[in-house]
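Input: a single structure, listed below in structure tokens.
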2 protein chains.
Amino acid sequence: MGFAETFKALSDPVRREILTLLKQKALSAGEIGGHFNMTGATISYHLNILKKAGLLHESREKNFIYYQLNTSVVEEVMLWLSDLKGDA
Amino acid sequence: MGFAETFKALSDPVRREILTLLKQKALSAGEIGGHFNMTGATISYHLNILKKAGLLHESREKNFIYYQLNTSVVEEVMLWLSDLKGDA
DNA sequence: ATAGTATTTAGAAAAAATTCTAAATAGATA
DNA sequence: TATCTATTTAGAATTTTTTCTAAATACTAT
């Protein structure tokens, strides 16, 4: 759950696009998959990496699992960068 | 030179530690290598990735090449994250 | 309970990243 | 020029990441 996992999660373009999609509204795994030319299994793999990094919140509803961006971890990354920059 | 390269560069723990070292003062490749249990060739590999991502500034002096953090690219990453967070 | 839809897990294949050793380049100094 | 030091490049081995197919799980609804 440290920065290592979070930066790794952010390093993949597919995962960054997923986060961008989730910036506005929560989406189910299937809806997310609809935006990519990939199997559901691959989307699930990416969602799992984002989840482990703490970047997602999930909520179950009916038969679906809705994913949403967890902004607090984004803020933590920004703090790390801010410190690196010298604003410590 | 886009975000892809920069996030990839930031995703490795060795490279993040290099950036942290360079936060304060410029260091030569050899000095950087002294902080890690790796060959100079490997350090050079990492420096090259950071350089391509625009995260480093280099200046030659005598026989040495001094590397320093380029904070402006760090700021660009922070802006991307800020936008993701919703501060757009 | 059965059948249907959504998502995840397992295992394997392919691609990318990390590291090393050995050799090459670049510049400095004697 | 010859040599020494600093750094990079080339090539190969290892590890990690990404992706797929096929199967499994989970939950809904008939």
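Letters A, B, ... are given to chains in the order of the sequence lines, protein chains preceding strands, and every chain is numbered from 1.
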Practice problem: Might you work through the salt bridge (charged side-chain N to carboxylate O under 4.0 Å, His left out) test for K23(B) and D83(A), ending with a clear yes or no? | Solution: CA-CA 9 Å; K23(B) 174 185 163 180; D83(A) 176 66; 3.3 Å; yes

Quiz item: What is the distance from CD1 of I18(B) to P of dT18(C), rounded to the nearest Å?
Solution: 11 Å

Exercise. Check DNA chain C against residues 7-16 of chain A and give the residues with a non-hydrogen atom under 4.0 Å, in numerical order.
Key: none

Quiz item: Got a sec, which pairs hit ring pair (Phe, Tyr, Trp, His ring centres under 6.0 Å) with one end in residues 6-35 of chain B, sequence neighbours left out?
Solution: F7(B)-W80(B)

Quiz item: Reckon H46(A) has a side-chain N or O less than 4.0 Å from the OP1 or OP2 of dT19(D)?
Solution: yes

Exercise. Under 4.5 Å between side-chain heavy atoms, chaining through other members, with only Ile, Leu, Val, Met, Phe, Trp and Tyr counted: pull out the rest of the cluster around I49(B), sorted by chain and number.
Key: Y45(B)

Quiz item: Hey, does V73(A) have a side-chain heavy atom less than 4.5 Å from the side chain of L56(A)?
Solution: no

With a 3.5 Å cut-off and sequence neighbours excluded, list the donor-acceptor pairs that the side chains of residues 24-31 of chain A form with protein atoms.
from   : atom 1 : to     : atom 2 : distance (Å)
S28(A) : OG     : E31(A) : N      : 3.1
S28(A) : OG     : E31(A) : OE1    : 3.3
E31(A) : OE1    : S28(A) : N      : 2.8

Self-check item: Pairing residues for N70(B) by the side chain to side chain donor-acceptor pair (under 3.5 Å) criterion, not counting sequence neighbours
Solution: S72(B)

Tabulate below the donor-acceptor pairs under 3.5 Å that side-chain atoms of residues 58-68 of chain B make, not counting sequence neighbours, or state none.
from   : atom 1 : to     : atom 2 : distance (Å)
E58(B) : OE1    : K51(B) : NZ     : 3.2

Exercise. Applying salt bridge (Lys or Arg N to Asp or Glu O under 4.0 Å), name anything that partners E75(A), two or more places apart in sequence or on another chain.
Key: K85(B)

Self-check item: With sequence neighbours excluded, residues passing side chain to side chain donor-acceptor pair (under 3.5 Å) with T20(B)
Solution: none

Mind listing the N/O atom pairs, protein and nucleotides 6-9 of chain D, below 3.5 Å?
from   : atom 1 : to     : atom 2 : distance (Å)
dT7(D) : OP1    : A29(B) : N      : 3.2
dT7(D) : OP2    : G30(B) : N      : 2.6
dT8(D) : OP1    : Y67(B) : OH     : 2.3
dT8(D) : OP2    : S44(B) : OG     : 3.1
dT8(D) : O5'    : S44(B) : OG     : 3.3

Could you list the protein-to-nucleotides 12-14 of chain C atom pairs, N/O on both sides, closer than 3.5 Å?
none

Quiz item: Considering residues at least two apart in sequence or located in another chain, which fulfil the side chain to side chain donor-acceptor pair (under 3.5 Å) criterion with R15(B)?
Solution: H46(B)

